[in-house]
*Asks:* 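Next up is a structure, given as structure tokens.
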Protein chains: 2
Amino acid sequence: MEVTINETQANTIQEKVKTFFDPNNHPAGFCPVKDVVDRIGDKWSLLAILNLGYGERLRFNQLKTQIEGISQRMLTVTLRSLERDGLVNRYVYAEVPPRVEYELTPMGEKLLVKVWELADWAIEYKAQILESRAAYDKKAAKKTRS
Amino acid sequence: MEVTINETQANTIQEKVKTFFDPNNHPAGFCPVKDVVDRIGDKWSLLAILNLGYGERLRFNQLKTQIEGISQRMLTVTLRSLERDGLVNRYVYAEVPPRVEYELTPMGEKLLVKVWELADWAIEYKAQILESRAAYDKKAAKKTRS
DNA sequence: CTGGATCCCGTTGGATACTG
DNA sequence: CAGTATCCAACGGGATCCAG
């Protein structure tokens, strides 16, 4: 399952970087890169997307339970934001007590796939990252002590 | 270039979600998902990785110029953090004036590929997202006025 | 040129209480 | 149950000055 990067692939991405960061390619002050970073760069959006998963509608409290540590407020805010961007659908049932369900839109599911590839990366290199951190901290500690 | 999600793919990811979020699979309180979110979830890490790109070493000020809007402080902080996690190498030359160069490690390059797939998603759906936002805001405004 | 140290402000986000 | 409203602490991150 090792991913190898060949020359061609590298050049393709290299090229993308250049065109993507050229201000002429996004004149309206809307840089898609920054935008995607902002979208996923908050504390909870990615976790919400991952927990929504495929095909099933989840209720508010189901999500709240699944996403460990999220507050009610932040779940609401996060879901609203995702809904605004067209990544999740929100279904409100006129019942008492109220029932609200959420699901990923097709666009959101496409994003989910990409996000899981990121997660795969994290799994693959988890040990190496922890190791690197430990080594770095050890060296830093030694430097401070001397 | 349309990405289609088939049943098998969906089930695979579904399964991953379950195993990944099962506390028994990461007992030491270290959840790889949360960790990767934290890693990329800050304002500048992704942009730094994207700008580092493949194979070339970049100097501090080159990066500072390329990453529009980043402050000196945050570039330093971000690069240190990436170095600590083993995603970038840092080369210091004993010169006057000093010269410091950065490059992605192999592990960092693997991440770069994933990140660019995210960026691809952003490009593909950029218009749709903006449209969705506009529609959402329009509806919200109407509701407020009434 | 690179980047550490400090100061300081705006935003994020948690806790809590209240509503349809 | 699924929110909204308010308050407030913590933190991110910009500006500035200083140093090797």
Side-chain angles (χ1 to χ4, degrees), chain A residues 34-35 37-48 51-52 56-84 88-103 136-137 139-146, chain B residues 34-35 37-48 51-52 56-85 88-103 136 139-141 143-144 146:
Chain A
K34 283 212 172 189
D35 200 66
V37 169
D38 287 349
R39 156 112 321 288
I40 67 176
D42 69 298
K43 204 174 174 183
W44 299 110
S45 289
L46 281 187
L47 290 175
N51 276 280
L52 279 166
E56 26 177 12
R57 297 185 179 184
L58 291 182
R59 299 188 57 167
F60 186 85
N61 270 355
Q62 285 181 283
L63 280 169
K64 190 167 174 325
T65 306
Q66 281 184 33
I67 307 174
E68 198 170 350
I70 196 170
S71 67
Q72 190 177 42
R73 185 181 116 89
M74 286 320 294
L75 181 55
T76 304
V77 171
T78 301
L79 289 170
R80 284 288 178 289
S81 160
L82 293 174
E83 187 194 1
R84 187 172 102 102
V88 310
N89 287 134
R90 181 167 177 267
Y91 302 97
V92 184
Y93 299 85
E95 300 176 0
V96 175
R99 184 165 107 244
V100 182
E101 294 181 347
Y102 297 88
E103 71 177 1
Y136 186 94
D137 292 346
K139 213 189 311 178
K142 199 179 294 177
K143 203 177 278 180
T144 306
R145 231 182 311 127
S146 66
Chain B
K34 282 211 172 188
D35 200 66
V37 168
D38 287 348
R39 156 112 321 287
I40 66 175
D42 69 298
K43 204 174 175 184
W44 299 110
S45 291
L46 282 186
L47 290 175
N51 276 280
L52 278 167
E56 27 176 11
R57 297 184 178 185
L58 292 182
R59 299 189 57 168
F60 186 85
N61 269 356
Q62 285 181 284
L63 280 169
K64 189 167 176 324
T65 307
Q66 281 184 32
I67 307 174
E68 199 170 349
I70 196 170
S71 67
Q72 192 179 42
R73 185 182 117 90
M74 287 319 294
L75 181 54
T76 303
V77 171
T78 302
L79 288 171
R80 284 290 178 285
S81 161
L82 293 175
E83 187 194 0
R84 188 172 101 101
D85 283 4
V88 312
N89 286 136
R90 180 166 179 265
Y91 301 96
V92 184
Y93 298 85
E95 298 176 0
V96 175
R99 185 166 107 244
V100 183
E101 295 181 347
Y102 298 89
E103 72 177 359
Y136 185 94
K139 214 189 309 180
K143 203 178 276 179
T144 305
S146 66

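In what follows, chains carry the letters A, B, and so on, assigned in the order in which the sequence lines appear, proteins first and then strands, with residues in each chain numbered from 1.
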*Asks:* Please give, in whole Å, the distance from D/dT4 C1' to A/R80 CZ?
*Replies:* 10 Å

*Asks:* Starting at CG of A/L79 and ending at C1' of D/dC1, how long is that distance when rounded to a whole Å?
*Replies:* 14 Å

*Asks:* Please report, rounded to the nearest Å, how far the P atom of C/dG13 is from the CG atom of B/D38.
*Replies:* 11 Å

*Asks:* Return yes if some donor-acceptor pair links the side-chain N/O of B/T76 with the main-chain N/O of B/Q72 below 3.5 Å, else return no.
*Replies:* yes

*Asks:* How close do A/S71 and A/K64 get, heavy atom to heavy atom, and via which atoms?
*Replies:* C-CE, 4.5 Å

*Asks:* Whole Å only: how far is the CD1 atom of A/I70 from the C1' atom of C/dT12?
*Replies:* 13 Å

*Asks:* Examine D/dG3: is either OP1 or OP2 under 4.0 Å from a nitrogen or oxygen in the side chain of A/Y102? Give yes or no.
*Replies:* yes

*Asks:* Quick one, B/L47 and B/I70 - any side-chain contact, counting heavy atoms below 4.5 Å?
*Replies:* no

*Asks:* Remember a base hit wins even if backbone is also touched, and classify A/Y93 as base, sugar-phosphate or nothing at under 4.0 Å, heavy atoms.
*Replies:* nothing

*Asks:* Can you tell me how far P of C/dT2 sits from CD of B/E83, to the nearest Å?
*Replies:* 15 Å

*Asks:* Tell me, for nucleotides 15-20 of chain C in 5' to 3' order, what letter each nucleotide earns: B for a base near a protein heavy atom under 4.0 Å, S for only sugar-phosphate near one, - for neither?
*Replies:* B----B

*Asks:* Tell me whether B/S81 contacts the main-chain N or O of B/V77 through its side chain, where contact means a donor paired with an acceptor under 3.5 Å.
*Replies:* no

*Asks:* Evaluate the side-chain proximity of B/R90 to B/R80: yes if any heavy-atom separation is below 4.5 Å, no if none is.
*Replies:* yes

*Asks:* For A/R90 and D/dA2, what is the distance between atoms CZ and C1' respectively, to the nearest whole Å?
*Replies:* 8 Å

*Asks:* Without decimals, in angstroms, what is the distance between B/R39 CZ and D/dG12 P?
*Replies:* 13 Å

*Asks:* Quick one: label A/K43 by what it contacts on the DNA or RNA (base, sugar-phosphate, nothing), any heavy atom closer than 4.0 Å.
*Replies:* sugar-phosphate

*Asks:* What residue among B/R99, B/E101, B/E103 forms side chain to side chain donor-acceptor pair (under 3.5 Å) with B/Y91?
*Replies:* B/E103

*Asks:* Tell me which of B/T76 and B/R59 sits closer to the 5' end of DNA chain C, going by the nucleotide each one is nearest to.
*Replies:* B/R59

*Asks:* When A/W44 is tested against each of A/L79, A/T78, A/L82, A/N51 for side chain to side chain contact (heavy atoms under 4.5 Å, CB included), which residue passes?
*Replies:* A/T78

*Asks:* Find the distance A/L63:CG to D/dC1:C1' and express it as a whole number of Å.
*Replies:* 14 Å

